[in-house]
2 protein chains.
Amino acid sequence: MVKKLVPPQATIRRLSIYLRYLNGLDVDGVKVISSHDLARRLALNPAQVRKDLAYFGEFGKRGVGYSVKKLRDHIVKILGLQKMRKIAIIGAGGRLGTALALYTGFERRNFKVCALFDKDPAIVGNEVEGIGNILSIGDLSKVVKEKGIEILILTIPAAAIKEIYDPVMLSGVKAVLNFAPFKMLSTEEVDVHNVDLTTELESLSYRLSLNESGISPLDKAPATEED
Amino acid sequence: MVKKLVPPQATIRRLSIYLRYLNGLDVDGVKVISSHDLARRLALNPAQVRKDLAYFGEFGKRGVGYSVKKLRDHIVKILGLQKMRKIAIIGAGGRLGTALALYTGFERRNFKVCALFDKDPAIVGNEVEGIGNILSIGDLSKVVKEKGIEILILTIPAAAIKEIYDPVMLSGVKAVLNFAPFKMLSTEEVDVHNVDLTTELESLSYRLSLNESGISPLDKAPATEED
DNA sequence: AAAACTTTGTGATATAATGCTCATAGTTAA
DNA sequence: TTAACTATGAGCATTATATCACAAAGTTTT
(Lines give C-alpha, C1' and ligand atoms only; values in the text may rest on other atoms or scores of the structure.)
Protein backbone atom coordinates (compact mmCIF):
# COMPACT_ATOMS: atom_id res chain seq x y z
CA MET A 1 0.00 0.00 0.00
CA VAL A 2 2.70 2.46 -0.88
CA LYS A 3 2.49 3.53 -4.48
CA LYS A 4 -1.12 4.11 -5.65
CA LEU A 5 -0.60 5.93 -8.89
CA VAL A 6 -3.11 7.95 -10.86
CA PRO A 7 -5.70 5.57 -12.28
CA PRO A 8 -6.09 5.48 -16.05
CA GLN A 9 -9.12 7.11 -17.58
CA ALA A 10 -10.21 3.66 -18.75
CA THR A 11 -10.40 2.61 -15.12
CA ILE A 12 -12.78 5.44 -14.33
CA ARG A 13 -15.04 4.45 -17.18
CA ARG A 14 -15.05 0.86 -16.01
CA LEU A 15 -15.92 1.93 -12.47
CA SER A 16 -19.06 3.49 -13.88
CA ILE A 17 -19.89 0.20 -15.58
CA TYR A 18 -19.19 -1.77 -12.41
CA LEU A 19 -21.44 0.60 -10.54
CA ARG A 20 -24.40 -0.02 -12.77
CA TYR A 21 -23.91 -3.74 -12.61
CA LEU A 22 -23.59 -3.66 -8.83
CA ASN A 23 -26.84 -1.71 -8.57
CA GLY A 24 -28.51 -4.46 -10.54
CA LEU A 25 -27.01 -7.13 -8.29
CA ASP A 26 -28.18 -5.29 -5.21
CA VAL A 27 -31.73 -5.11 -6.55
CA ASP A 28 -31.54 -8.85 -7.16
CA GLY A 29 -30.46 -9.37 -3.55
CA VAL A 30 -26.92 -10.52 -4.32
CA LYS A 31 -24.67 -9.77 -1.34
CA VAL A 32 -21.18 -10.59 -2.55
CA ILE A 33 -19.41 -10.79 -5.90
CA SER A 34 -15.94 -11.91 -6.88
CA SER A 35 -13.68 -10.17 -9.35
CA HIS A 36 -13.94 -13.30 -11.44
CA ASP A 37 -17.73 -13.18 -11.75
CA LEU A 38 -17.76 -9.44 -12.30
CA ALA A 39 -15.16 -9.80 -15.01
CA ARG A 40 -16.90 -12.65 -16.74
CA ARG A 41 -20.15 -10.75 -16.89
CA LEU A 42 -18.50 -7.67 -18.37
CA ALA A 43 -16.02 -9.46 -20.62
CA LEU A 44 -12.98 -8.24 -18.74
CA ASN A 45 -10.00 -9.83 -17.05
CA PRO A 46 -10.47 -10.53 -13.32
CA ALA A 47 -7.05 -9.08 -12.55
CA GLN A 48 -8.07 -5.90 -14.25
CA VAL A 49 -11.17 -5.60 -12.13
CA ARG A 50 -9.11 -6.05 -8.99
CA LYS A 51 -6.50 -3.59 -10.15
CA ASP A 52 -9.12 -1.01 -11.03
CA LEU A 53 -10.51 -1.22 -7.52
CA ALA A 54 -7.13 -1.44 -5.84
CA TYR A 55 -6.25 2.02 -7.12
CA PHE A 56 -8.64 3.37 -4.53
CA GLY A 57 -8.22 1.06 -1.57
CA GLU A 58 -8.71 -2.49 -0.40
CA PHE A 59 -12.40 -3.12 -0.70
CA GLY A 60 -12.40 -6.88 -1.02
CA LYS A 61 -12.13 -9.71 1.45
CA ARG A 62 -9.78 -12.52 0.56
CA GLY A 63 -11.45 -15.84 0.15
CA VAL A 64 -14.81 -14.12 -0.24
CA GLY A 65 -14.97 -11.32 -2.77
CA TYR A 66 -16.50 -7.86 -2.64
CA SER A 67 -19.59 -6.84 -0.69
CA VAL A 68 -21.99 -5.58 -3.33
CA LYS A 69 -23.39 -2.77 -1.20
CA LYS A 70 -20.04 -1.64 0.18
CA LEU A 71 -18.35 -1.70 -3.17
CA ARG A 72 -21.21 0.22 -4.73
CA ASP A 73 -20.97 2.87 -2.01
CA HIS A 74 -17.21 3.13 -2.46
CA ILE A 75 -17.56 3.64 -6.20
CA VAL A 76 -20.25 6.26 -5.67
CA LYS A 77 -17.78 8.14 -3.49
CA ILE A 78 -14.87 7.67 -5.86
CA LEU A 79 -16.87 9.03 -8.78
CA GLY A 80 -18.21 11.87 -6.66
CA LEU A 81 -21.79 10.79 -7.19
CA GLN A 82 -22.99 11.23 -3.63
CA LYS A 83 -23.29 14.91 -4.38
CA MET A 84 -25.94 15.94 -6.89
CA ARG A 85 -24.48 17.54 -10.02
CA LYS A 86 -26.41 20.26 -11.74
CA ILE A 87 -26.30 20.33 -15.51
CA ALA A 88 -27.63 22.57 -18.26
CA ILE A 89 -28.22 21.83 -21.91
CA ILE A 90 -27.25 24.21 -24.66
CA GLY A 91 -29.05 23.64 -27.92
CA ALA A 92 -32.15 22.56 -26.07
CA GLY A 93 -34.32 23.30 -29.08
CA GLY A 94 -32.64 20.68 -31.23
CA ARG A 95 -33.73 17.09 -31.34
CA LEU A 96 -30.85 15.65 -29.38
CA GLY A 97 -31.06 18.47 -26.86
CA THR A 98 -34.75 17.81 -26.38
CA ALA A 99 -34.17 14.10 -26.02
CA LEU A 100 -31.53 14.62 -23.35
CA ALA A 101 -33.56 17.30 -21.57
CA LEU A 102 -36.45 14.90 -21.15
CA TYR A 103 -34.37 11.82 -20.46
CA THR A 104 -35.22 10.67 -16.96
CA GLY A 105 -32.26 8.38 -16.50
CA PHE A 106 -29.88 11.13 -15.39
CA GLU A 107 -31.72 11.90 -12.18
CA ARG A 108 -31.55 8.30 -11.12
CA ARG A 109 -27.78 8.72 -11.18
CA ASN A 110 -27.83 12.02 -9.33
CA PHE A 111 -27.50 14.41 -12.23
CA LYS A 112 -30.16 17.09 -12.52
CA VAL A 113 -30.96 19.12 -15.60
CA CYS A 114 -31.54 22.58 -14.13
CA ALA A 115 -31.58 24.85 -17.14
CA LEU A 116 -32.02 24.85 -20.90
CA PHE A 117 -30.51 27.29 -23.35
CA ASP A 118 -30.90 27.95 -27.04
CA LYS A 119 -29.66 30.66 -29.35
CA ASP A 120 -32.88 30.69 -31.40
CA PRO A 121 -34.97 33.66 -30.17
CA ALA A 122 -38.07 31.99 -31.58
CA ILE A 123 -38.03 29.31 -28.90
CA VAL A 124 -36.45 31.22 -26.02
CA GLY A 125 -39.16 31.53 -23.41
CA ASN A 126 -40.88 28.28 -24.34
CA GLU A 127 -41.59 26.18 -21.31
CA VAL A 128 -40.27 22.66 -20.99
CA GLU A 129 -42.14 20.50 -18.54
CA GLY A 130 -40.34 19.86 -15.31
CA ILE A 131 -37.37 22.08 -16.06
CA GLY A 132 -38.48 25.59 -16.93
CA ASN A 133 -38.30 28.06 -19.76
CA ILE A 134 -35.68 27.91 -22.45
CA LEU A 135 -33.22 30.69 -21.74
CA SER A 136 -31.06 32.89 -23.92
CA ILE A 137 -27.32 32.21 -24.27
CA GLY A 138 -26.81 35.75 -23.06
CA ASP A 139 -27.94 34.67 -19.61
CA LEU A 140 -25.65 31.65 -19.49
CA SER A 141 -22.99 33.02 -17.22
CA LYS A 142 -25.52 34.56 -14.84
CA VAL A 143 -27.62 31.41 -14.56
CA VAL A 144 -24.60 29.14 -14.14
CA LYS A 145 -23.52 31.20 -11.15
CA GLU A 146 -26.99 31.58 -9.67
CA LYS A 147 -27.92 27.94 -9.90
CA GLY A 148 -24.49 26.46 -9.31
CA ILE A 149 -24.44 24.55 -12.59
CA GLU A 150 -21.29 22.46 -12.96
CA ILE A 151 -21.72 20.67 -16.28
CA LEU A 152 -22.90 21.89 -19.65
CA ILE A 153 -24.14 19.51 -22.31
CA LEU A 154 -23.68 20.88 -25.81
CA THR A 155 -26.05 19.67 -28.52
CA ILE A 156 -25.63 22.46 -31.01
CA PRO A 157 -25.11 22.20 -34.77
CA ALA A 158 -21.57 22.64 -36.09
CA ALA A 159 -22.35 26.06 -37.50
CA ALA A 160 -23.22 27.43 -34.06
CA ILE A 161 -19.81 26.85 -32.51
CA LYS A 162 -18.44 30.29 -33.39
CA GLU A 163 -20.95 32.15 -31.29
CA ILE A 164 -21.29 29.54 -28.55
CA TYR A 165 -17.65 28.81 -27.78
CA ASP A 166 -16.70 31.88 -25.79
CA PRO A 167 -19.92 32.09 -23.75
CA VAL A 168 -19.50 28.43 -22.81
CA MET A 169 -15.84 28.60 -21.87
CA LEU A 170 -16.34 31.80 -19.89
CA SER A 171 -19.59 30.76 -18.24
CA GLY A 172 -17.88 29.55 -15.09
CA VAL A 173 -18.87 25.97 -15.69
CA LYS A 174 -16.29 23.30 -14.80
CA ALA A 175 -17.03 20.61 -17.35
CA VAL A 176 -18.55 20.26 -20.79
CA LEU A 177 -19.97 17.20 -22.48
CA ASN A 178 -19.89 18.05 -26.16
CA PHE A 179 -22.07 16.18 -28.63
CA ALA A 180 -21.56 18.71 -31.39
CA PRO A 181 -19.63 17.51 -34.42
CA PHE A 182 -16.36 19.26 -33.75
CA LYS A 183 -13.63 18.65 -31.25
CA MET A 184 -13.56 21.11 -28.38
CA LEU A 185 -10.37 21.25 -26.40
CA SER A 186 -10.08 21.25 -22.63
CA THR A 187 -8.52 24.21 -20.91
CA GLU A 188 -7.13 24.77 -17.45
CA GLU A 189 -10.59 25.90 -16.31
CA VAL A 190 -12.95 23.73 -18.31
CA ASP A 191 -12.73 19.97 -18.70
CA VAL A 192 -14.23 19.10 -22.07
CA HIS A 193 -15.28 15.63 -23.09
CA ASN A 194 -16.31 15.05 -26.69
CA VAL A 195 -18.82 12.42 -27.76
CA ASP A 196 -19.11 12.17 -31.48
CA LEU A 197 -21.92 10.09 -32.92
CA THR A 198 -20.55 10.26 -36.43
CA THR A 199 -17.17 9.01 -35.27
CA GLU A 200 -18.86 6.07 -33.60
CA LEU A 201 -20.63 5.16 -36.82
CA GLU A 202 -17.51 5.67 -38.88
CA SER A 203 -15.44 3.32 -36.74
CA LEU A 204 -18.11 0.72 -37.26
CA SER A 205 -17.96 1.39 -40.97
CA TYR A 206 -14.20 0.84 -40.94
CA ARG A 207 -14.66 -2.55 -39.35
CA LEU A 208 -17.41 -3.46 -41.77
CA SER A 209 -15.15 -2.75 -44.69
CA LEU A 210 -12.32 -4.72 -43.11
CA ASN A 211 -14.70 -7.66 -43.04
CA GLU A 212 -15.67 -7.07 -46.62
CA SER A 213 -12.03 -7.29 -47.63
CA GLY A 214 -11.78 -10.56 -45.72
CA ILE A 215 -9.77 -9.43 -42.73
CA SER A 216 -11.30 -9.95 -39.33
CA PRO A 217 -11.26 -6.86 -37.14
CA LEU A 218 -11.34 -9.10 -34.10
CA ASP A 219 -7.98 -10.77 -34.01
CA LYS A 220 -8.64 -11.88 -30.48
CA ALA A 221 -11.08 -14.51 -29.32
CA PRO A 222 -14.65 -13.29 -29.45
CA ALA A 223 -16.26 -12.29 -26.21
CA THR A 224 -18.58 -15.07 -25.27
CA GLU A 225 -21.34 -14.67 -22.80
CA GLU A 226 -23.39 -17.15 -20.87
CA ASP A 227 -25.76 -16.87 -17.96
CA MET B 1 7.32 0.18 -45.66
CA VAL B 2 7.61 -3.42 -44.58
CA LYS B 3 5.60 -4.20 -41.49
CA LYS B 4 2.33 -2.19 -41.38
CA LEU B 5 0.70 -3.55 -38.28
CA VAL B 6 -2.94 -3.42 -37.33
CA PRO B 7 -3.80 0.18 -36.50
CA PRO B 8 -5.12 0.82 -32.99
CA GLN B 9 -8.80 1.56 -32.58
CA ALA B 10 -7.80 5.02 -31.38
CA THR B 11 -6.24 5.66 -34.78
CA ILE B 12 -9.51 4.86 -36.52
CA ARG B 13 -11.38 7.27 -34.32
CA ARG B 14 -8.84 9.98 -35.02
CA LEU B 15 -9.13 9.37 -38.76
CA SER B 16 -12.80 10.23 -38.47
CA ILE B 17 -11.87 13.44 -36.69
CA TYR B 18 -9.24 14.28 -39.30
CA LEU B 19 -11.82 13.66 -41.99
CA ARG B 20 -14.26 16.16 -40.60
CA TYR B 21 -11.56 18.77 -40.16
CA LEU B 22 -10.30 18.18 -43.70
CA ASN B 23 -13.81 18.65 -45.06
CA GLY B 24 -13.92 22.00 -43.32
CA LEU B 25 -10.53 22.97 -44.74
CA ASP B 26 -11.64 22.01 -48.21
CA VAL B 27 -14.75 24.17 -47.93
CA ASP B 28 -12.50 27.02 -46.86
CA GLY B 29 -10.35 26.49 -49.93
CA VAL B 30 -7.25 25.26 -48.10
CA LYS B 31 -5.19 23.05 -50.40
CA VAL B 32 -2.46 21.65 -48.18
CA ILE B 33 -2.01 20.97 -44.49
CA SER B 34 0.97 19.76 -42.48
CA SER B 35 0.84 17.19 -39.70
CA HIS B 36 1.97 19.94 -37.40
CA ASP B 37 -0.97 22.23 -38.16
CA LEU B 38 -3.44 19.37 -38.10
CA ALA B 39 -2.10 18.25 -34.75
CA ARG B 40 -2.12 21.69 -33.25
CA ARG B 41 -5.73 22.25 -34.24
CA LEU B 42 -6.83 18.94 -32.72
CA ALA B 43 -4.54 19.00 -29.69
CA LEU B 44 -2.51 16.00 -30.79
CA ASN B 45 1.13 15.22 -31.37
CA PRO B 46 2.28 15.77 -34.98
CA ALA B 47 4.13 12.45 -34.97
CA GLN B 48 0.94 10.75 -33.99
CA VAL B 49 -0.92 12.27 -36.91
CA ARG B 50 1.79 11.10 -39.29
CA LYS B 51 1.87 7.65 -37.77
CA ASP B 52 -1.90 7.34 -37.93
CA LEU B 53 -1.80 8.07 -41.63
CA ALA B 54 1.29 6.00 -42.28
CA TYR B 55 -0.56 2.87 -41.20
CA PHE B 56 -2.39 3.10 -44.49
CA GLY B 57 0.17 4.43 -46.94
CA GLU B 58 2.33 7.42 -47.79
CA PHE B 59 -0.07 10.23 -48.43
CA GLY B 60 2.13 13.21 -47.71
CA LYS B 61 4.78 15.09 -49.62
CA ARG B 62 7.97 15.89 -47.75
CA GLY B 63 8.69 19.53 -47.34
CA VAL B 64 5.05 20.31 -48.13
CA GLY B 65 2.45 18.40 -46.18
CA TYR B 66 -0.74 16.62 -47.15
CA SER B 67 -3.08 17.57 -49.99
CA VAL B 68 -6.38 18.26 -48.27
CA LYS B 69 -8.51 16.77 -51.04
CA LYS B 70 -6.35 13.71 -51.57
CA LEU B 71 -6.04 12.96 -47.88
CA ARG B 72 -9.77 13.35 -47.41
CA ASP B 73 -10.45 10.92 -50.25
CA HIS B 74 -7.98 8.42 -48.81
CA ILE B 75 -9.61 8.55 -45.39
CA VAL B 76 -13.05 8.12 -46.92
CA LYS B 77 -11.78 4.94 -48.56
CA ILE B 78 -10.01 3.69 -45.44
CA LEU B 79 -13.14 4.11 -43.36
CA GLY B 80 -15.27 2.54 -46.05
CA LEU B 81 -17.41 5.64 -46.40
CA GLN B 82 -17.58 5.72 -50.19
CA LYS B 83 -20.29 3.08 -49.92
CA MET B 84 -23.57 4.10 -48.35
CA ARG B 85 -24.34 2.22 -45.14
CA LYS B 86 -27.93 1.42 -44.29
CA ILE B 87 -28.91 1.61 -40.66
CA ALA B 88 -32.03 0.93 -38.62
CA ILE B 89 -33.02 2.21 -35.22
CA ILE B 90 -34.52 0.00 -32.53
CA GLY B 91 -36.40 1.84 -29.86
CA ALA B 92 -37.54 4.42 -32.37
CA GLY B 93 -40.42 5.45 -30.16
CA GLY B 94 -38.15 6.68 -27.39
CA ARG B 95 -36.81 10.18 -27.21
CA LEU B 96 -33.24 9.36 -28.16
CA GLY B 97 -34.45 7.04 -30.91
CA THR B 98 -36.64 9.78 -32.31
CA ALA B 99 -33.84 12.30 -32.14
CA LEU B 100 -31.47 10.02 -34.03
CA ALA B 101 -34.13 9.01 -36.55
CA LEU B 102 -34.70 12.62 -37.49
CA TYR B 103 -31.07 13.70 -37.28
CA THR B 104 -30.04 14.82 -40.74
CA GLY B 105 -26.31 14.75 -40.12
CA PHE B 106 -25.92 11.04 -40.82
CA GLU B 107 -26.86 11.28 -44.47
CA ARG B 108 -24.24 13.90 -45.05
CA ARG B 109 -21.73 11.26 -44.00
CA ASN B 110 -23.26 8.55 -46.14
CA PHE B 111 -25.29 6.71 -43.51
CA LYS B 112 -28.97 6.28 -44.25
CA VAL B 113 -31.67 5.44 -41.72
CA CYS B 114 -33.80 2.94 -43.63
CA ALA B 115 -36.06 1.45 -40.99
CA LEU B 116 -37.41 2.06 -37.52
CA PHE B 117 -38.46 -0.54 -35.00
CA ASP B 118 -40.16 -0.50 -31.64
CA LYS B 119 -41.52 -3.15 -29.35
CA ASP B 120 -44.50 -1.03 -28.28
CA PRO B 121 -47.52 -2.20 -30.32
CA ALA B 122 -49.19 1.15 -29.65
CA ILE B 123 -46.77 2.97 -31.94
CA VAL B 124 -45.98 0.24 -34.46
CA GLY B 125 -47.47 1.42 -37.71
CA ASN B 126 -47.02 5.11 -36.97
CA GLU B 127 -45.42 6.91 -39.87
CA VAL B 128 -42.21 8.83 -39.45
CA GLU B 129 -41.62 11.44 -42.09
CA GLY B 130 -39.00 10.56 -44.63
CA ILE B 131 -38.35 7.06 -43.31
CA GLY B 132 -41.57 5.07 -43.15
CA ASN B 133 -43.71 3.28 -40.63
CA ILE B 134 -42.43 2.04 -37.33
CA LEU B 135 -42.10 -1.72 -37.60
CA SER B 136 -42.43 -4.56 -35.15
CA ILE B 137 -39.33 -6.28 -33.73
CA GLY B 138 -40.78 -9.50 -35.11
CA ASP B 139 -40.00 -8.27 -38.60
CA LEU B 140 -36.44 -7.30 -37.81
CA SER B 141 -34.67 -10.22 -39.38
CA LYS B 142 -36.83 -10.10 -42.50
CA VAL B 143 -36.38 -6.36 -43.03
CA VAL B 144 -32.64 -6.47 -42.39
CA LYS B 145 -32.27 -9.01 -45.15
CA GLU B 146 -34.68 -7.33 -47.55
CA LYS B 147 -33.22 -3.87 -47.23
CA GLY B 148 -29.61 -4.86 -46.71
CA ILE B 149 -29.30 -3.10 -43.38
CA GLU B 150 -25.80 -3.34 -41.94
CA ILE B 151 -25.93 -1.38 -38.70
CA LEU B 152 -28.49 -1.30 -35.90
CA ILE B 153 -28.68 1.57 -33.47
CA LEU B 154 -30.14 0.53 -30.13
CA THR B 155 -31.91 3.18 -28.07
CA ILE B 156 -34.00 0.97 -25.85
CA PRO B 157 -34.47 1.22 -22.07
CA ALA B 158 -32.49 -1.17 -19.87
CA ALA B 159 -35.53 -3.26 -19.09
CA ALA B 160 -36.07 -4.13 -22.74
CA ILE B 161 -32.77 -5.91 -23.25
CA LYS B 162 -34.05 -9.39 -22.38
CA GLU B 163 -36.51 -9.49 -25.26
CA ILE B 164 -34.39 -7.49 -27.70
CA TYR B 165 -31.04 -9.20 -27.38
CA ASP B 166 -31.67 -12.39 -29.33
CA PRO B 167 -33.62 -10.77 -32.17
CA VAL B 168 -30.81 -8.24 -32.60
CA MET B 169 -27.94 -10.69 -32.52
CA LEU B 170 -29.72 -13.09 -34.87
CA SER B 171 -31.05 -10.45 -37.24
CA GLY B 172 -28.18 -10.83 -39.66
CA VAL B 173 -26.90 -7.35 -39.02
CA LYS B 174 -23.11 -6.90 -38.89
CA ALA B 175 -22.72 -4.11 -36.37
CA VAL B 176 -24.58 -2.58 -33.47
CA LEU B 177 -24.24 0.85 -31.92
CA ASN B 178 -25.71 0.46 -28.47
CA PHE B 179 -26.86 3.51 -26.52
CA ALA B 180 -28.79 1.47 -23.98
CA PRO B 181 -27.45 1.53 -20.43
CA PHE B 182 -25.91 -1.93 -20.35
CA LYS B 183 -22.84 -3.38 -21.91
CA MET B 184 -23.48 -5.60 -24.90
CA LEU B 185 -20.64 -7.86 -25.94
CA SER B 186 -19.40 -8.38 -29.46
CA THR B 187 -19.56 -11.83 -31.00
CA GLU B 188 -17.95 -13.43 -34.00
CA GLU B 189 -20.89 -12.31 -36.14
CA VAL B 190 -21.86 -8.97 -34.66
CA ASP B 191 -19.52 -6.12 -33.84
CA VAL B 192 -21.02 -4.20 -30.94
CA HIS B 193 -19.97 -0.75 -29.90
CA ASN B 194 -21.36 0.68 -26.68
CA VAL B 195 -21.92 4.39 -26.07
CA ASP B 196 -22.99 5.10 -22.55
CA LEU B 197 -24.17 8.61 -21.77
CA THR B 198 -24.24 8.00 -18.04
CA THR B 199 -20.65 6.78 -18.08
CA GLU B 200 -19.63 9.95 -19.88
CA LEU B 201 -21.25 12.09 -17.23
CA GLU B 202 -19.84 9.99 -14.42
CA SER B 203 -16.27 10.35 -15.68
CA LEU B 204 -16.78 14.08 -15.69
CA SER B 205 -18.10 13.86 -12.16
CA TYR B 206 -14.97 11.98 -11.09
CA ARG B 207 -12.79 14.75 -12.43
CA LEU B 208 -14.92 17.40 -10.80
CA SER B 209 -14.50 15.75 -7.44
CA LEU B 210 -10.76 15.40 -7.98
CA ASN B 211 -10.69 19.16 -8.45
CA GLU B 212 -12.78 19.66 -5.34
CA SER B 213 -10.26 17.72 -3.31
CA GLY B 214 -7.56 19.98 -4.69
CA ILE B 215 -5.89 17.55 -7.05
CA SER B 216 -5.78 18.51 -10.68
CA PRO B 217 -6.87 15.71 -13.00
CA LEU B 218 -4.18 16.85 -15.39
CA ASP B 219 -1.43 16.34 -12.84
CA LYS B 220 0.78 13.33 -13.03
CA ALA B 221 1.73 13.47 -9.39
CA PRO B 222 0.87 10.29 -7.52
CA ALA B 223 -2.20 10.48 -5.35
CA THR B 224 -1.46 8.78 -2.09
CA GLU B 225 -4.54 7.86 -0.21
CA GLU B 226 -5.85 5.80 2.65
CA ASP B 227 -9.23 4.89 3.88
C1' DA C 1 23.34 24.58 -58.08
C1' DA C 2 24.40 24.83 -53.39
C1' DA C 3 22.84 26.03 -48.98
C1' DA C 4 19.21 26.68 -45.85
C1' DC C 5 14.62 25.35 -44.82
C1' DT C 6 10.57 22.50 -44.30
C1' DT C 7 8.06 18.33 -43.44
C1' DT C 8 7.43 13.56 -44.05
C1' DG C 9 7.99 8.59 -42.61
C1' DT C 10 10.02 5.57 -39.38
C1' DG C 11 13.22 3.26 -36.05
C1' DA C 12 14.13 3.82 -31.26
C1' DT C 13 12.45 5.00 -26.94
C1' DA C 14 9.20 6.10 -23.33
C1' DT C 15 4.83 5.59 -21.30
C1' DA C 16 0.61 3.30 -20.37
C1' DA C 17 -2.52 -0.46 -20.03
C1' DT C 18 -3.38 -5.13 -19.61
C1' DG C 19 -2.67 -9.83 -18.11
C1' DC C 20 -0.11 -13.55 -15.38
C1' DT C 21 1.27 -15.48 -11.17
C1' DC C 22 1.52 -16.37 -6.54
C1' DA C 23 2.09 -15.27 -1.53
C1' DT C 24 -1.16 -13.98 1.75
C1' DA C 25 -5.47 -13.66 4.19
C1' DG C 26 -9.74 -15.47 5.01
C1' DT C 27 -13.39 -19.31 4.85
C1' DT C 28 -15.22 -23.90 5.21
C1' DA C 29 -15.33 -28.66 6.39
C1' DA C 30 -13.86 -32.48 9.04
C1' DT D 1 -7.46 -26.89 15.02
C1' DT D 2 -5.83 -28.48 10.95
C1' DA D 3 -6.19 -29.13 6.04
C1' DA D 4 -8.22 -28.01 1.81
C1' DC D 5 -10.31 -24.19 -0.62
C1' DT D 6 -11.14 -19.59 -2.35
C1' DA D 7 -10.18 -14.98 -3.88
C1' DT D 8 -7.68 -10.78 -3.05
C1' DG D 9 -3.72 -7.62 -3.79
C1' DA D 10 0.59 -6.75 -5.76
C1' DG D 11 4.90 -7.55 -8.20
C1' DC D 12 6.39 -8.75 -12.69
C1' DA D 13 5.87 -9.72 -17.70
C1' DT D 14 3.80 -8.57 -21.76
C1' DT D 15 1.47 -5.97 -24.98
C1' DA D 16 -0.22 -1.72 -26.81
C1' DT D 17 0.07 3.09 -27.61
C1' DA D 18 2.29 7.52 -27.86
C1' DT D 19 6.32 10.46 -28.36
C1' DC D 20 11.00 11.60 -29.75
C1' DA D 21 14.44 12.35 -32.93
C1' DC D 22 16.51 12.05 -37.28
C1' DA D 23 17.57 10.59 -42.09
C1' DA D 24 15.51 11.24 -46.48
C1' DA D 25 12.92 13.91 -49.71
C1' DG D 26 11.20 18.02 -51.38
C1' DT D 27 11.09 23.25 -51.54
C1' DT D 28 12.83 27.87 -51.43
C1' DT D 29 16.43 31.18 -51.35
C1' DT D 30 20.70 33.02 -52.66
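Every chain is numbered from 1, with letters handed out A, B, ... down the list of sequences. In what follows, every heavy atom counts, from backbone to side chain, and hydrogens, waters and symmetry copies are set aside.
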Between atom [atom1] in [X] and atom [atom2] in [N], what is the gap in whole Å?
X	N	atom1	atom2	result
Gln48(A)	dT8(D)	CD	C1'	16 Å
Tyr55(A)	dA16(C)	OH	P	10 Å
Leu53(B)	dT8(C)	CG	P	9 Å
Arg40(A)	dA7(D)	CZ	P	11 Å
Gln9(A)	dT15(C)	CD	C1'	17 Å
Asn45(A)	dA16(D)	CG	C1'	15 Å
Asp52(A)	dA10(D)	CG	P	14 Å
Phe59(A)	dG26(C)	CZ	P	17 Å

**Note: Glu189(B)-Lys174(B) ion pair, threshold 4.0 Å (strictly below)** =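 No, no charged N to carboxylate O under 4.0 Å.
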
**Prompt:** Should the pair Asp73(B)-Lys70(B) be classified as a salt bridge under the 4.0 Å nitrogen-to-oxygen rule?
**Reply:**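 No, no charged N to carboxylate O under 4.0 Å.
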
**Message:** Both His36(B) and Arg50(A) contact DNA chain C. Which one's nearest nucleotide lies toward the 5' end?
**Reply:**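 Looking at DNA chain C, the more 5' nearest nucleotide goes with His36(B).
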
**Prompt:** Val64(A) or Thr11(A): which one's nearest nucleotide on DNA chain C is closer to the 5' end?
**Reply:**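 First, find each residue's nearest nucleotide; the 5'-ward one identifies Thr11(A).
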
**Prompt:** Using the ring of each side chain (for Trp, its six-membered ring), is Phe59(B) parallel, tilted or perpendicular to His74(B), with breaks at 30° and 60°?
**Reply:**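 Parallel.
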
Please pick, from [options], the nucleotide with the shortest atom-to-atom distance to any side-chain atom of [X].
X	options	value
Pro8(A)	dT21(C), dA17(C), dT8(C)	dA17(C)
Lys61(B)	dC20(D), dT27(D), dG9(C)	dT27(D)
Ala47(B)	dT7(C), dC20(D), dA10(D)	dC20(D)
Lys51(B)	dG9(C), dT8(D), dT19(D)	dT19(D)

**Prompt:** Is there a side-chain hydrogen bond (donor to acceptor under 3.5 Å, both in side chains) between Arg109(A) and Thr198(B) once you walk through the steps?
**Reply:** CA-CA 8 Å; Arg109(A) 302 298 284 259; Thr198(B) 308; 5.3 Å; no

**Message:** Does dG9(C) have its OP1 or OP2 closer than 4.0 Å to a side-chain nitrogen or oxygen of Tyr66(B)?
**Reply:**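 Answer is yes, contact under 4.0 Å.
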
**Under-4.0 Å side-chain N/O to phosphate OP1/OP2 contact, Ser35(B) with dT7(C)** =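 Answer no for this pair, as no side-chain N or O of Ser35(B) is under 4.0 Å from OP1 or OP2.
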
**Item:** Arg41(A) side chain near Tyr21(A) side chain, heavy-atom distance below 4.5 Å
**Value:**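 They are in contact (side-chain heavy atoms under 4.5 Å apart), so the answer is yes.
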
